[in-house]
Amino acid sequence: MFDNSQTFSVTNSTIQLRDPRKELLLITAPEYKNILVTRYTVELTDMQPERRPHVKNLYLHEVFKREKTFFFVKTGETEYQIDLKYTAKPISQLKF
């Protein structure tokens with residue numbers, strides 16, 4: 001399906017950044033901001049889905065086969081819970 005063996009992987013509802021030199025731009029539905037995933041952070045962004053040399057654009061509806069507002073992102077050793085319905089604070093870091 002995707003050639004994602006290097007940059008990222010998807011397991012169930014979790015997107016994992018696999019290449020720390022790359023960034024992922026998670027493209028959400030129009031009513032939400034997009035999400036930038038780097039080696040150190042996961043944050044909302046106004047970046048548009050333009051092609052950039054160091055950023056892999058990832059459309060959430062293509063990954064999950066439907067519009068999904070609740071999922072997880074793992075980057076480095078940190079996992080984040082994303083729930084876009086909570087517009088004030090949709091990203092929270094999970095503590096283990």
Side-chain angles (χ1 to χ4, degrees):
M1 183 167 92
F2 292 107
D3 180 22
N4 60 11
S5 56
Q6 295 301 315
T7 307
F8 70 97
S9 63
V10 179
T11 306
N12 298 326
S13 291
T14 302
I15 300 169
Q16 181 174 0
L17 179 64
R18 298 183 62 86
D19 184 348
R21 297 165 298 175
K22 298 278 187 180
E23 297 176 3
L24 296 177
L25 182 62
L26 306 181
I27 313 300
T28 62
E31 60 266 30
Y32 307 112
K33 282 189 165 186
N34 293 330
I35 301 167
L36 183 64
V37 179
T38 70
R39 181 179 183 179
Y40 302 106
T41 63
V42 176
E43 60 192 20
L44 294 175
T45 180
D46 288 323
M47 286 173 65
Q48 297 301 306
E50 300 157 0
R51 291 183 64 97
R52 297 172 183 84
H54 65 290
V55 177
K56 170 78 174 171
N57 290 349
L58 195 57
Y59 290 83
L60 289 181
H61 66 276
E62 291 179 3
V63 171
F64 295 121
K65 300 297 179 223
R66 56 189 160 83
E67 295 294 342
K68 192 164 192 173
T69 61
F70 180 83
F71 56 95
F72 301 92
V73 174
K74 186 169 185 191
T75 174
E77 297 300 315
T78 307
E79 190 163 347
Y80 297 86
Q81 176 178 301
I82 315 290
D83 193 339
L84 295 171
K85 292 180 303 244
Y86 294 105
T87 53
K89 191 174 187 291
I91 302 170
S92 54
Q93 186 174 333
L94 296 177
K95 308 267 190 224
F96 294 103

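- Rounding to the nearest 0.5 angstrom, the gap separating the OG1 atom in Thr7 from the CG atom in Leu17 is 8.0 Å.
- Taking all atoms of both residues into account, the shortest heavy-atom contact from Gln6 to Arg18 is O-CB, 3.2 Å.
- In this structure, OH on Tyr59 lies 8.5 Å from CG on Asn34, to the nearest 0.5 angstrom.
- Take Arg21 and apply the salt bridge (Lys or Arg N to Asp or Glu O under 4.0 Å) test, not counting sequence neighbours, and it matches Asp19.
- Contact record, Val42 with Ile91: O-CD1, 3.7 Å, taken as the closest heavy-atom pair.
- In terms of the side-chain contact (heavy atoms from CB on, under 4.5 Å) criterion, residue partners of Gln93 (sequence neighbours excluded) are, by chain and number, Thr78, Tyr80, Lys95.
- In terms of the side-chain contact (heavy atoms from CB on, under 4.5 Å) criterion, residue partners of Gln48 (sequence neighbours excluded) are, by chain and number, Glu50.
- Remark: Asp83 engages Thr69, Phe70, Lys85, Tyr86 in a side-chain contact (heavy atoms from CB on, under 4.5 Å) (not counting sequence neighbours).
- Scanning all heavy atoms of the two residues, the minimum distance from Thr75 to Arg39 falls at OG1-O, 3.1 Å.
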Intermediate values then yes/no, side chain to side chain contact (heavy atoms under 4.5 Å, CB included), Ile35 and Phe71 = CA-CA 12 Å; Ile35 301 167; Phe71 56 95; 4.0 Å; yes

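- With a 4.5 Å cut-off on side-chain heavy atoms, Val37 and Phe8 do not count as touching.
- Every residue two or more places apart in sequence or in another chain that forms a side-chain hydrogen bond (donor to acceptor under 3.5 Å, both in side chains) with Lys68 is listed here: Ser13.
- Of all the heavy atoms in Pro53 and Lys22, the pair that sits closest is O-NZ, 3.7 Å.
- For the pair Ile82 and Val73, the minimum side-chain heavy-atom distance is below 4.5 Å.
- Under the 4.5 Å side-chain criterion, counting only non-hydrogen atoms from C-beta, Ile15 is in contact with Phe64.
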Is there a side chain to side chain contact (heavy atoms under 4.5 Å, CB included) between Glu79 and Thr14 once you walk through the steps?
-> CA-CA 9 Å; Glu79 190 163 347; Thr14 302; 3.9 Å; yes

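- For Leu36, the side-chain contact (heavy atoms from CB on, under 4.5 Å) partners at least two apart in sequence or on another chain are Glu23, Leu25, Thr38, Glu43, Thr45, Met47.
- Here the side chains of Glu67 and Leu60 are not in contact, with every heavy-atom distance at 4.5 Å or above.
- Within the model, atoms CD of Glu62 and CG of Asn57 stand 10.0 Å from one another, a figure rounded to the nearest 0.5 Å.
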